[in-house]
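To start, the structure itself, in structure tokens.
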Amino acid sequence: PAMAARLLLRAARPLLAGAGRGTGLSTAFSTAPPPEKKRWLRAYLELQRLQAPPRRRSEKPNWDYHAEIQAFSHRVRENFDLDLLKTAFVNPCYIESEEARRRQLGLDKDAVALQLQENSGLAERGLRFARAYLEQCFEGAYPELPAKGIEALVNFLTSQELVSYVAQNLSIQDLTLCRDFPAPPDVLQRTFLAVIGALLESSGPERTGMFVRDFFIPQLIGKDLFEIWEVVNPMGLLLEELTKRNISAPEPRITRQLGVSTVLPVYFVGLYCDKKMLAEGPGETLLAAEEEAARVALRKLYGYTENRRPWDYSKPKQGLAAEKAISSN
Amino acid sequence: RYVRQLQRLQLLFSPTAADARGARQFVEEAAQDFARQHPDVVLYVSPHSGPGPAPVLRAEYLNGTVRDELIASKTSEEIVQLATKLANQSGLDIIRIRKPFHTDNPSVQGQWHPLTNKPSILTVQGPRLQPK
């Protein structure tokens with residue numbers, strides 16, 4: 001019964017024991033002091049533990065940097081050159097803060113200078129490659145889309161929020177070496193682009209292209225073209241597009257209307273070219289409906305409708321595409 | 001591409017306690033095989049000496065969720081099964097699923113709205129033309 005009681009006790013409080021002592025220990029639990037027996041003291045220590053500021057994963061127990069980096073390369077299913085990958089995670093702010101700290105501790109100049117290289121060069125190369133590759137993808141997939149639209153899409157995909165969101169969900173925020181915690185989004189963006197640069201150096205442009213395609217293009221699922229690309233005057237843009245294709249100017253006509261004299265009217269305005277319907281769009285007022293109809297027409301013309309073919313993720317046979325990507329760098 | 005959502009597994013157990021026997025057997029026999037089969041999960045084995053908390057398998061996921069599973073008085077095979085179950089999960093919270101069905105394309109031909117089958121105002125209704 002004593003053994004049984006002890007077993008029950010152990011199972012009953014697995015998390016509290018030694019919890020309040022875990023602060024600042026970089027070794028494993030082997031040095032944790034025995035758990036407190038006073039109930040009130042346990043409650044206080046638990047409160048302290050919950051109110052402690054968040055720390056980096058690398059400062060908590062059980063952290064092996066080399067193993068984590070290897071696991072990262074397996075998780076992403078890419079063969080990285082591990083030294084390049086380690087440099088990709090080093091940020092300039094980390095190097096400055098480390099050197100300042102060493103100087104403060106009074107080490108001489110040789111010890112102060114860290115032997116680490118930063119990731120700015122890799123980040124730049126990664127950014128250029130990613131932009132070139134994505135531009136090429138979109139030019140191939142949506143040939144009608146004008147240059148400004150492609151630029152808007154690529155800017156959206158390489159923007160800070162999106163890249164830092166993808167980086168966080170790939171555990172890059174645990175592996176980066178940077179001065180502040182939690183890592184700000186521009187640091188995460190730079191690190192992720194540096195990882196892409198490191199992959200470019202280690203595996204070549206084809207594999208990196210597949211990597212960029214697999215992680216960036218699914219972020220476009222469910223997004224509408226004009227959510228990403230701000231168009232101020234869709235009617236003017238539509239007129240330009242139609243003159244390029246030698247179609248006459250569209251005539252807007254009211255197709256359907258509901259609740260005209262109420263607070264919430266709905267007008268469906270159709271754009272007709274040569275008495276054939278181009279597109280139809282709803283809106284609250286006639287002007288809003290006409291603008292929406294112009295946007296629908298533009299979506300149809302550019303081939304970015306909701307019922308377009310989904311993106312093709314099969315194995316690429318484009319050796320040419322990859323070479324074009326490098327040559328445009 | 002598929003990215004395994006499990007980041008790392010921490011095996012916290014005591015080398016002398018009786019209920020950690022399964023954990024010790026797991027470490028001796030099956031831990032290396034498990035680590036070799038799952039190269040993208042980092043397995044940390046940390047024995048803490050003396051009377052400590054119950055043996056626990058802590059799983060950390062890419063979205064930050066940390067899940068503790070008690071492995072007290074479990075055999076080595078059960079721990080292997082538990083570890084593979086954790087490795088195949090995502091880090092989303094385990095809550096009741098409201099509906100067992102979900103679809104990303106709720107409507108194929110377009111959702112019905114009150115104006116779907118009404119003819120447009122512009123269709124001319126002559127003596128022979130029917131409104132389409």
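Proximity to chain A (any heavy atom under 4.5 Å) is shown, for Leu43(B), by neither the backbone nor the side chain. Residue Asp174(A) touches chain B through its side chain alone, counting heavy-atom pairs closer than 4.5 Å. Both the backbone and the side chain of Phe211(A) come within less than 4.5 Å of a heavy atom of chain B. Neither the backbone nor the side chain of Tyr61(B) comes within contact range of chain A, judged by heavy atoms closer than 4.5 Å. Looking at Gln257(A), both its backbone and its side chain come within 4.5 Å of chain B, counting heavy atoms on both sides.
Side-chain contact annotation: Thr255(A) with Glu280(A), donor-acceptor N/O pair under 3.5 Å present.
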Handout entry: side-chain hydrogen bond (donor to acceptor under 3.5 Å, both in side chains) between Ser171(A) and Arg75(A), intermediate numbers included
Key = CA-CA 10 Å; Ser171(A) 81; Arg75(A) 200 178 292 140; 2.9 Å; yes
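With respect to the salt-bridge test (charged N to carboxylate O, under 4.0 angstrom), the residues Arg67(B) and Glu60(B) do not qualify. Using a cutoff of 4.0 Å between basic side-chain nitrogens and carboxylate oxygens, Lys74(B) and Asp19(B) are not scored as salt-bridged.
A parallel orientation is assigned to the rings of Phe268(A) and His113(B), their planes being inclined by less than 30° (bins at 30° and 60°).
Your options are Val266(A), Asn307(A), Asp64(A), and the one with the most heavy-atom pairs under 4.5 Å with chain B is Asp64(A).
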